[in-house]
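Data first, discussion second: the structure below is written as C-alpha cells.
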Amino acid sequence: MFSVRQLRYVFAVACCTAIVSCAPRDPATWRNSEQCLSAFLAYDSALQSAGSSGQYGETLPGSVSRRGLDIIRKGCVTRQRDLVGLEQRAAGFIDEEVGDFGEPLRNAAVHAGIVAGLTSQARVTTYFSSLGFNTRSVGADGVGRRIYIGPLRSEGAVEQAIEAARAAGFISPYLSERRF
C-alpha cells in the first residue's frame, strides 16, 4: 500500500510530465519530412479504406481520426509561423510560367500539405495563384484544410509545384493519387 506522501509524489511527477510534454516545441527540431509524408499517406489510405472524402461534417471511423492525430502530433500541419515571408517568396520565386515539360500527365494534383485555418488557406491560395497554379482546399476533419495544387499536366509542372510548396513552408508535398 502506498502512503499519502508517496501518492502525492507520483501525482506531482505525472503532472510535471504532462506539462512538459504539452509545451510547444521548435518545429525545426521535431518536424521530419519523411515522417510527415508517411503520416499523410497513412491518412489517405485510411480515408480510402473508410470510403470517405474526409469532408467536414462526416463521421469518420477511428482509424481516420487516429491518422489525423498522428499528423498533428508529428508537427505536419503547416501553421501561420511556417508561412512567415510567404508574400516575399512569391515575389521572387518563379520568373516563368508553369512549365509543361517532361512526361505528360492527366490532371495530376500535388498535395501541398494541411493548413490550420482559413487565414492560412487564403494566404497559400494567393501565393500559389501568383505563381500560376490553381489550388483546391478540402476539409480534413479534426486536422485542418488540405491544400491541393493542380490540375498539372506534366512531370515538370509537378516538380515546380512541389518546389513552390516547399518554398512556402510545407514540410512534405507529394504527387497525390487524387485527381484534380
Side-chain angles (χ1 to χ4, degrees), residues 27-28 30-56 58 60 63-64 67-68 70-72 74-79 82-116 118 120-141 143-180:
W30 63 283
R31 291 177 83 196
N32 180 299
S33 178
E34 290 176 18
Q35 285 182 350
C36 288
L37 179 58
S38 176
F40 287 139
L41 294 175
Y43 186 81
D44 286 343
S45 178
L47 280 175
Q48 187 175 15
S49 295
S52 172
S53 65
Q55 296 288 330
Y56 283 114
E58 292 181 12
L60 297 174
S63 62
V64 176
R67 299 297 182 233
D70 196 37
I71 288 171
I72 294 168
K74 291 180 178 177
C76 304
V77 175
T78 303
R79 309 260 183 218
D82 302 319
L83 301 172
V84 172
L86 187 65
E87 292 75 17
Q88 292 79 15
R89 284 180 251 162
F93 188 73
I94 296 180
D95 294 331
E96 69 274 357
E97 291 183 24
V98 176
D100 280 332
F101 54 91
E103 284 293 316
L105 300 172
R106 189 163 185 241
N107 295 330
V110 167
H111 178 266
I114 298 178
V115 294
L118 295 176
S120 296
Q121 174 193 338
R123 289 182 65 208
V124 298
T125 298
T126 302
Y127 166 77
F128 288 121
S129 177
S130 73
L131 299 177
F133 293 107
N134 292 322
T135 60
R136 179 179 55 167
S137 142
V138 178
D141 198 21
V143 183
R145 304 287 303 172
R146 299 182 86 180
I147 304 296
Y148 290 93
I149 307 167
L152 304 169
R153 293 182 169 69
S154 71
E155 286 180 347
V158 167
E159 289 174 18
Q160 285 179 313
I162 289 173
E163 187 178 335
R166 283 192 180 120
F170 290 98
I171 186 78
S172 54
Y174 62 93
L175 178 61
S176 175
E177 290 186 18
R178 210 175 228 197
R179 295 294 160 228
F180 208 75

Check P151 against N107 and note the closest heavy-atom contact, atom names and distance.
-> CB-OD1, 3.7 Å
Is the closest side-chain heavy-atom distance between I162 and E159 below 4.5 Å?
-> no
Validation row: S120, L83 side chains within 4.5 angstrom (heavy atoms) | yes
From N32 CG over to I171 CD1, what is the distance, rounded to the nearest 0.5 angstrom?
-> 7.0 Å
Value for NE2 (H111) from CG (L37), rounded to nearest 0.5 Å, stands at 10.0 Å
Could you tell me which non-hydrogen atom of V115 sits nearest to which non-hydrogen atom of V77, and how far apart they are?
-> C-CG1, 4.0 Å
Give me the ring orientation class for F133 and F128: parallel if the planes are under 30° apart, tilted from 30 to 60°, perpendicular past 60°.
-> perpendicular
Residues that R67 engages under salt bridge (Lys or Arg N to Asp or Glu O under 4.0 Å), provided they are two or more places apart = none
Between I72 and R79, the two heavy atoms sitting closest are CG2-NH2, 4.4 Å
Which distance, rounded to the nearest 0.5 Å, do you find between the CD1 of I71 and the OG of S38?
-> 10.0 Å
Looking at residues at least two apart in the chain, or sitting in another chain, which of them share a salt bridge (Lys or Arg N to Asp or Glu O under 4.0 Å) with D70?
-> R73, K74
Compare all side-chain heavy atoms of Y43 with those of R146 and state whether any distance is below 4.5 angstrom.
-> yes
Rounded to the nearest 0.5 angstrom, the OG-CG distance for S176 and L152 is 10.5 Å
Donor-acceptor pair, side chain of S49 and main chain of S45, under 3.5 angstrom | yes
Exercise: identify the closest heavy-atom pair between A46 and V64 | O-CG2, 3.5 Å
Given side chains that start at C-beta, do those of V110 and F170 come closer than 4.5 Å, heavy atoms only?
-> no
Of all residues at least two apart in sequence or in a different chain, which pass the side-chain hydrogen bond (donor to acceptor under 3.5 Å, both in side chains) check with T125?
-> none
Exercise: identify the closest heavy-atom pair between A109 and L175 = O-CD1, 3.5 Å
Minimum heavy-atom distance L131-A164, with the two atoms named | CD1-CB, 3.7 Å
Is there a side-chain contact between I114 and C76 (heavy atoms, below 4.5 Å)?
-> no
Please examine the side chains of T135 and Y148, heavy atoms only from C-beta on, and report whether any two atoms are closer than 4.5 Å.
-> no
Minimum side-chain heavy-atom gap I147-S137 below 4.5 Å = yes
Backbone N or O of E34 within a donor-acceptor pair of the S172 side chain at under 3.5 Å?
-> no
